[in-house]
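Working notes, structure below.
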Amino acid sequence: MALQTKSADSALQQHSRDELLALHRTMLLNRRFEEKVGEMYTRSKIGGFLHLNIGEEGAFVGAIRALQPGDYVFSTYREHGHAITQGVEPRRVMAELFGRVDGTSKGRGGSMHLFDAQKRFMGGYAIVAGSIALAVGVSLACVYRGTDEIVMSLFGDGATNNGTFHESMNLAKVWNLPVVFVCVNNQYGMGTAVDRASAVSEMYRKAAGYDIPAERVDGMDVIATLDAARKAADFVRQEKTPYFLEALTYRYRGHSMADPQNYRTKEEIEEWRHRDAIESFRKRLRDAALASEQDFAEHEAEVERVVQEAVDFADASREPDPATELLDNAYVGDIPVSWR
Amino acid sequence: MALQTKSADSALQQHSRDELLALHRTMLLNRRFEEKVGEMYTRSKIGGFLHLNIGEEGAFVGAIRALQPGDYVFSTYREHGHAITQGVEPRRVMAELFGRVDGTSKGRGGSMHLFDAQKRFMGGYAIVAGSIALAVGVSLACVYRGTDEIVMSLFGDGATNNGTFHESMNLAKVWNLPVVFVCVNNQYGMGTAVDRASAVSEMYRKAAGYDIPAERVDGMDVIATLDAARKAADFVRQEKTPYFLEALTYRYRGHSMADPQNYRTKEEIEEWRHRDAIESFRKRLRDAALASEQDFAEHEAEVERVVQEAVDFADASREPDPATELLDNAYVGDIPVSWR
Amino acid sequence: MAAITYRDALNQALREEMQRDESVFLMGEDIGVWGGSFVVTQGLYKEFGERRVRDTPISEDGFVGAGIGAALAGLRPVVEIMTINFSLLATDQIVNSAAKMRYMFGGNAKVPIVIRMPGGGGHQLGAQHSQSLEVWYANIPGLIVVAPAVPADAKGLLKAAIRDDNPVIFIENEGLYTTKGDVPEEEYLTPLGKADVKRVGRDVSIVTHSRMVLLALQAADELAKEGIEAEVVDLRSLRPLDVATISASVHKTNHAVVLEEGWGSYGITAEVAATIYEVAFDYLDAPLVRISGVEVPMPYNLKMEKACIPNLEQVVTGAKKTLGKAA
Amino acid sequence: MAAITYRDALNQALREEMQRDESVFLMGEDIGVWGGSFVVTQGLYKEFGERRVRDTPISEDGFVGAGIGAALAGLRPVVEIMTINFSLLATDQIVNSAAKMRYMFGGNAKVPIVIRMPGGGGHQLGAQHSQSLEVWYANIPGLIVVAPAVPADAKGLLKAAIRDDNPVIFIENEGLYTTKGDVPEEEYLTPLGKADVKRVGRDVSIVTHSRMVLLALQAADELAKEGIEAEVVDLRSLRPLDVATISASVHKTNHAVVLEEGWGSYGITAEVAATIYEVAFDYLDAPLVRISGVEVPMPYNLKMEKACIPNLEQVVTGAKKTLGKAA
Ligand SMILES: Cc1ncc(C[n+]2csc(CCOP(=O)(O)OP(=O)(O)O)c2C)c(N)n1
Ligand SMILES: Cc1ncc(C[n+]2csc(CCOP(=O)(O)OP(=O)(O)O)c2C)c(N)n1
Ligand SMILES: [Mg+2]
Ligand SMILES: [Mg+2]
C-alpha cells in the first residue's frame with residue numbers, strides 16, 4: 001500500500017496519458033469545486049449541513065471512474081464529488097446547493113440530496129447506511145431485467161457499523177447481485193475514530209462473514225484505487241456477485257461546517273496532507289514525464305472556469321416559489337397533500 | 001463433529017456421573033414437557049403461537065448448563081426449554097402457557113414471553129433478533145457494576161441475517177462485554193433453509209467480521225455442546241469479551257403449530273431423528289456403563305410426575321380478571337393509561 | 001359475483017397484476033416455498049418462479065430498502081412484511097426513503113412500490129404481535145395508506161395500488177383473511193383515496209376501517225332491531241382521507257361514532273374525530289363517541305385480550321349514547 | 001433565577017442526576033469526545049469519563065436496545081439519539097421492547113430508560129433531517145412522552161424523567177437549544193404528565209408544545225395589541241396528555257387554536273383537537289382552528305422551508321378566525 005515513487009512507475013504505465021490526465025483533471029475539479037462550495041457556504045449562499053470531501057478525491061474518483069456508461073452510483077450526504085465524477089454537471093450541483101430550480105433536485109434537496117437519473121447518479125442520502133439497501137435494490141432490477149449494468153454503493157467507515165449495511169451485504173451475496181460496495185474509510189465517523197466504533201480496524205474484513213471478496217486499497221493513490229475498482233467492477237459484471245472495496249483515505253476539513261475538531265490532532269491532519277492524492281499523483285506524472293507543470297496549470301485554469309461558471313449559473317437560476325410550487329411533486333398524480 | 005461412539009468415551013469420562021445424569025434428566029424433562037405442551041395446545045388449553053423445540057435439547061441444555069448461578073439468559077419465542085433449563089419452574093411455565101396468574105408473566109405473556117428475573121431468565125421475545133441487543137445491554141450493566149456475571153443470548157440461524165444481530169455483535173466486541181452468543185442453528189427460519197437466506201452456511205463464520213472467537217459444535221451431542229459452552233463461558237468471564245457458539249441441531253416439529261412442512265422431506269427429518277440428542281446420549285451412557293435402562297426409567301417416571309404436576313398446577317391457577325386487572329402494570333406508578 | 005375469502009381476493013389481485021405486467025414481482029419472508037405465513041401468496045411461487053416470487057432473509061430493513069431501490073429503477077415490487085409489528089424494523093426505509101425520494105429529488109424520482117402488512121389482534125399472539133400501527137404511516141406525507149375491510153375492496157385496492165406510481169402502504173388484518181365476500185368476476189380497480197358507505201342509514205354514522213367495519217355492520221344490525229338506522233362508513237383509505245364522504249354522512253345523520261381496533265390516543269379515530277368536528281361542527285347534535293382498543297400492550301390471556309378489543313356491545317352502546325338513548 | 005439556554009439546562013440536569021445517582025449513565029453518538037452534535041453533553045465526558053459517557057457506533061437499533069437491556073438490569077441509561085429522524089432505526093426496540101416489557105412480563109420487569117432526541121425543522125437540513133415525529137411515540141402505551149419548550153421545563157422534566165421508572169421519550173427541538181429562560185437555582189423536578197399555562201388569557205386558548213410554544217407566545221403578544229387576550233397552554237407532556245388543564249382553559253376561553261410544527265394529519269393536533277371537542281363541546285363558541293406544518297417532505301430551499309413551518313401570521317389569523325374576527 002506504500003506509495004509508489006520508484007522511477008519506473010509500472011502502475012502508471014498501464015494507463016493511457018489521456019486517462020491519467022482525465023484523472024488529474026477530475027480530482028482537481030472536485031478539489032476546487034469543494035473549496036468554492038466552502039467559500040459560498042461562509043458567504044451564506046448555501047444553507048443547511050455541508051459535508052466537504054476535500055482529501056478524499058483519490059478514493060472516490062478512482063472508484064467511480066472505473067464504472068462504465070449505464071452503471072449506477074449511490075452515495076451519501078458527502079456526495080458532491082461523487083456526483084460530478086459520475087458526470088453530473090457541476091453547475092447543476094452548485095445550483096442545487098444554492099437551492100435553485102436548475103439544481104439537480106430543483107432546490108428541494110440541497111447538498112445532501114443531489115440526484116440525476118440520466119447520469120445514473122441515484123442520489124445522495126442523509127441517513128447513514130440507508131442508501132446501501134437502495135443500491136442493492138437497483139442491482140436486483142439489473143438482474144431482473146438481465147442487463148449488464150452494475151451498481152456502485154459508496155458509504156463511509158461509520159456506516160459499516162449499521163445493520164442496514166449488514167443486511168444489504170447478505171442480500172447482495174445470497175441473491176448474487178452485481179454491486180460494488182465501496183467503503184470510503186476516512187477513519188472517522190464524525191468525531192469517532194474507527195477503532196472506537198468498529199470491532200475491526202479494516203473495514204474490508206467485514207465482508208468475510210458474507211463470503212464477499214474484498215480488499216483494501218490506498219485511497220490516496222488514485223491509480224491503485226482505479227485499478228482495484230476496475231478489477232472489482234469487472235468481477236461483479238462477469239460473476240454477477242458482489243465485491244467489497246475499502247479505500248483508505250482522510251478528510252482534511254471538519255465532518256461538516258460545524259466541527260469542534262477536538263477529536264484529532266493538527267499533526268495527524270498534516271501527516272495526511274503530505275500524502276495528498278493530487279500532489280502525489282502530480283509528482284508521479286512528472287517523474288514519469290507524462291505531464292508537466294504546464295499541463296497542471298492548464299487544468300487549473302480550465303477547472304477554475306468550470307467552477308466559476310457553476311457559480312454564475314447557480315446565481316442566475318431562480319428560487320422555487322413557495323406560493324405556487326410548494327406542493328409540486330408531493331405525489332405522482334393528483335393525490336391531495338392534505339385534506340384540511 | 002462426528003458422534004463419538006468408540007468404547008472409551010473420553011469426552012464422557014471427564015464429567016461426573018451426577019452431571020451426566022442431570023444432563024439426561026434435563027433433556028428428557030424438556031422433551032416430555034414440550035410433548036405435553038403440544039398436546040395441551042391441541043386440547044385448546046393453550047392459544048396463540050406455539051414453537052416447540054423438540055429435537056434441539058442437546059443444543060440448548062448443553063449451552064445453558066454451562067452457566068453459573070447469577071449468569072443471565074436471553075431467549076426467543078422458542079424458549080420453554082431454555083427457561084426450564086435455566087431453572088424456571090416447569091409449573092410456572094405451564095401456567096403461563098395456560099394464561100394463568102401463577103404463570104411467569106401472570107398470564108399476560110404466554111408462550112413467547114416467559115420471564116423470571118429471580119432465575120435470571122431475562123425473557124422470551126417474539127421479534128427475531130430483538131433480544132440480542134437487550135442481552136448486550138445487560139452485559140454492559142455487569143461490566144458497569146464490575147460483577148463477574150456473564151450473559152448468554154440464544155437465537156436462531158435466521159436471526160443472524162438481521163441487522164440487530166450484527167449491531168449487537170459489534171457493540172459487544174467494541175465495548176468488550178461478557179456475552180456468549182449462542183446460535184441454535186436448526187437449519188431453517190420458518191420454511192427458509194439456511195442457504196437460501198444466509199450468505200454463509202456456517203453461522204459461526206459471521207463472527208469473523210467482529211474478531212469474536214467462534215466455533216461450531218454438534219448440537220445433537222450434549223456433551224460436546226456443554227464442553228464448548230463451558231470453554232466459551234470461562235473465556236468470556238475471564239477475558240470480559242464476547243464469544244460466539246453455533247450449535248448445529250434440528251427441530252423435529254413444525255416451526256409453529258401451523259406449518260405446511262412443504263419445505264423439507266420426511267427423509268431429512270428421519271435422518272436427524274436418528275441422531276437424536278437424548279437417544280444417542282443414552283447409548284453413550286450405557287456403553288460407558290454409567291447409566292442403565294433402570295436409571296432412564298426412573299428419570300422417565302420422575303419427569304412425568306413433574307410434567308403432570310405442572311399441568312395440574314396450571315389448571316388450578318386462576319385466570320386474570322379483565323374487570324379488575326386489565327390495567328395492572330401498564331406503568332410503574334400512577335400514570336393514567338388513557339385520558340378518555 | 002362469487003363469494004371468496006379476503007385471502008383469495010388478495011391472491012387473485014397479485015396473480016392478475018403479475019400476469020398483466022412483467023415488472024410486478026413479490027418479495028417477503030416465506031412468501032414463496034411456504035406460500036406466505038398467512039397463505040396469501042400460495043401458488044404464485046409455482047406459477048411465476050423464484051425470479052418473481054422472492055423469499056427473503058429476516059431482514060425487514062434490508063429487503064424493504066431493496067424493494068424501494070427496485071421501484072426507483074422502474075420495477076413494481078410488492079413487498080410483504082409478515083406483520084405490521086415487524087415493519088418497525090423498516091420504518092426508516094419506508095419514511096426516510098420511500099416517502100421522501102420523489103419530493104426531495106425535485107420530482108425526478110418515482111417509487112412505485114406496494115408494501116403489504118397485516119395488523120390487528122385477537123389471536124392471543126401477545127404484545128409484540130398484535131398491534132395496529134397504521135396510524136404511523138397515515139401520518140407521513142409521500143405515502144398512500146389503504147386498509148380494505150372486505151374481499152372486493154382488498155382485490156380492487158391492491159390492483160390499484162400496484163398500478164399507482166406512489167409508495168402505497170397496504171394494511172391487511174389477520175382477522176380478515178378467512179372472511180368471505182362477493183368479488184366481481186370481471187376486471188376492476190378500486191380507487192385509492194375513496195371511502196365507501198357499506199351500509200346506508202339516517203340516524204348515526206359509524207366511521208371506521210379494516211376489520212372494525214365488520215363489527216360496525218354487526219352493530220348496525222343490532223341497532224336496526226331497535227329502530228336505529230346506522231350508516232357504516234368504511235374509510236378504506238387512511239391517507240388521503242376521504243373527507244367528502246365522511247362529511248356527507250355526518251351532515252345527514254348528525255351523529256357519529258368513530259371506531260378503530262388499535263389505540264385511540266393519537267390514533268386513526270383522533271384524526272377522524274377532529275375532521276368530523278371540523279366539517280360538521282354545526283351538524284352534530286351531540287359529541288361523537290370514540291371507541292378504540294384498550295391502551296395497554298396486548299395481553300396473552302384470551303379473556304384479557306378480548307377485553308382489549310372493541311366489541312359489539314361497546315359500539316351499540318356508543319351509538320345509543322351519542323343519540324342520547326340510554327343503553 | 002438565572003437565565004440560561006435550553007442546552008445548558010439539559011446539561012445541568014444530566015450532570016446533577018449523574019452526580020446524585022451512580023446508576024445514571026449516558027450513551028449516544030459523539031456525545032463524549034465531541035460533546036454532542038448539539039453540544040448538550042459538553043464537559044460530561046471529561047467530568048465522568050468513558051464509563052458513564054459512552055460514545056456509540058452508528059447503531060441506533062443496537063445501542064437503544066442495549067440501553068433498554070441495561071435499564072432492565074437496574075441501571076438508568078439516558079440514551080441520546082442524535083435526531084428524531086434517526087430514531088426510525090430504533091422504533092422496534094422502543095416500541096416492541098421498552099414499551100412492552102413491563103406489561104407483557106406481568107409487572108416483573110422495569111425499564112427506567114430515558115431516550116432523548118431533538119426534532120423539528122428550520123435549518124435547511126432537508127427532508128430526511130427535519131421531521132417532528134413525536135406523535136408516533138405519543139401513540140404507544142407503555143411509553144411516557146414529554147416535549148419541553150423552555151429551559152426551566154427542560155431541566156425539571158429531564159430530571160424527573162431520569163428518576164421515573166418508566167421508559168420516557170424526551171423530545172427536544174433543534175430550534176430551542178440556544179433559546180434562554182430563567183431556571184431556578186435550587187433543585188426541583190417538573191412533574192411528568194402535567195401541562196403548563198405559559199400565559200393567561202380569557203379570549204382564546206392556543207394549545208401547543210415544544211418550539212411552537214414560543215410562536216404561540218409571540219402571537220399572544222400580537223393579539224394583545226388588538227385587545228385579544230390569548231391563553232397559551234404548553235402541553236409539555238404528550239403521553240399522558242393533561243386533559244384537565246386543556247379543558248379548564250377552553251372552558252374559560254370558549255375558543256381554541258391547536259398548533260404543532262409537524263404534520264397535522266394524524267398528528268398531535270388531531271388528538272388535542274378531538275380531546276377539546278370531547279371535553280368542551282358545549283363550551284366552544286366556534287370550531288377550533290388547527291395549524292400545523294405543510295404536509296410535504298421538508299424542502300431545502302430557505303423560502304420553501306419557511307413556508308412549510310407555522311408562522312406568526314398564521315397563528316394570529318387563526319386565533320382571530322375562531323373568534324370570528326376577520327383578519
Ligand atoms: C442513521 C444515522 N445516524 C446518525 C446520523 C448522523 N451522522 C451523519 S454523518 C455521521 C457520520 C458518518 O460517518 P461515516 O459513515 O464514516 O461517513 P463520513 O461522514 O466519514 O463520510 C453521523 C453519525 C445519520 N445521518 N444517520
Ligand atoms: C423481525 C421479525 N421478522 C419476522 C418474524 C416472523 N418469524 C418468527 S420466527 C421466524 C423464523 C426465525 O428463524 P430462526 O431465527 O432460525 O429461529 P427458529 O424459529 O428456527 O428457532 C420468523 C421469520 C418475527 N417474529 N420477527
Ligand atoms: Mg468516515
Ligand atoms: Mg432456525
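Because only heavy atoms are used, hydrogens play no part in the values below, and waters and symmetry mates are left out as well, while side chains stay in. The sequence lines fix the lettering, A, B, ..., with proteins before strands; numbering per chain opens at 1. Remember, predicted model here, so these are calculated numbers, not experimental data.
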Answer with side chain, backbone, both or neither: which region of D/Arg290 has an atom nearer than 4.5 Å to a non-hydrogen atom of chain C?
-> side chain

Among [options], which residue has the highest count of heavy-atom pairs closer than 4.5 Å to chain D?
options                                : value
C/Leu288, C/Thr275, C/Asp282, C/Ile140 : C/Ile140
C/Glu295, C/Met104, C/Met101           : C/Glu295
C/Pro297, C/Gly267, C/Ala273, C/Ala274 : C/Pro297

If you look only at pairs with a residue in residues 58-67 of chain C, which of them pass as a side chain to side chain donor-acceptor pair (under 3.5 Å), with sequence neighbours excluded?
->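 Listed by first then second residue: A/Thr164-C/Asp61.
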
What distance separates C/Met298 CE from D/Lys100 NZ, expressed to the nearest 0.5 Å?
->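 Separation between the atoms: 10.0 Å.
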
Return the option, out of D/Trp136, D/Tyr103, D/Phe281, with the maximum number of heavy-atom pairs under 4.5 Å with chain C.
->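 Counting heavy-atom pairs under 4.5 Å, the top option is D/Trp136.
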
Counting heavy-atom pairs under 4.5 angstrom with chain C, the leader among D/Thr269, D/Val289, D/Val135, D/Val296 is D/Val296

Are there residues of residues 85-95 of chain D that reach to under 4.5 Å of chain C by heavy atoms, and which ones?
-> D/Asn85, D/Leu88, D/Leu89, D/Thr91, D/Asp92, D/Val95

Show the atom names and distances, to 0.1 Å, of all donor-acceptor pairs under 3.5 Å that link a side chain in residues 105-113 of chain D to residues at least two apart or in another chain.
| from | atom 1 | to | atom 2 | distance (Å) |
| --- | --- | --- | --- | --- |
| D/Asn108 | ND2 | B/Thr104 | O | 2.9 |
| D/Asn108 | ND2 | D/Phe105 | O | 3.0 |
| D/Lys110 | NZ | D/Asp165 | OD2 | 3.4 |

Heavy-atom nearest pair, D/Ser265 first then C/Glu271, reads CA-OE1, 3.4 Å

Under 3.5 Å, side chain of D/Trp263 to main-chain N/O of C/Asn139, donor-acceptor pair present?
-> no

Determine yes or no for a side-chain-to-main-chain donor-acceptor pair under 3.5 angstrom, with D/Gln128 supplying the side chain and C/Asn96 the backbone.
-> yes

Could you please state which residues from residues 235-247 of chain C sit under 4.5 angstrom from chain D, measuring non-hydrogen atom to non-hydrogen atom, sorted by number, or 'none'?
->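 Residues of residues 235-247 of chain C touching chain D at under 4.5 Å: C/Leu238, C/Arg239, C/Leu241.
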
So D/Tyr277 and C/Tyr277, would you call those rings parallel, tilted or perpendicular, with 30° and 60° as cut-offs?
-> parallel

Side chain, backbone, both or neither: which part of C/Ile268 has an atom under 4.5 Å from a heavy atom of chain D?
-> both

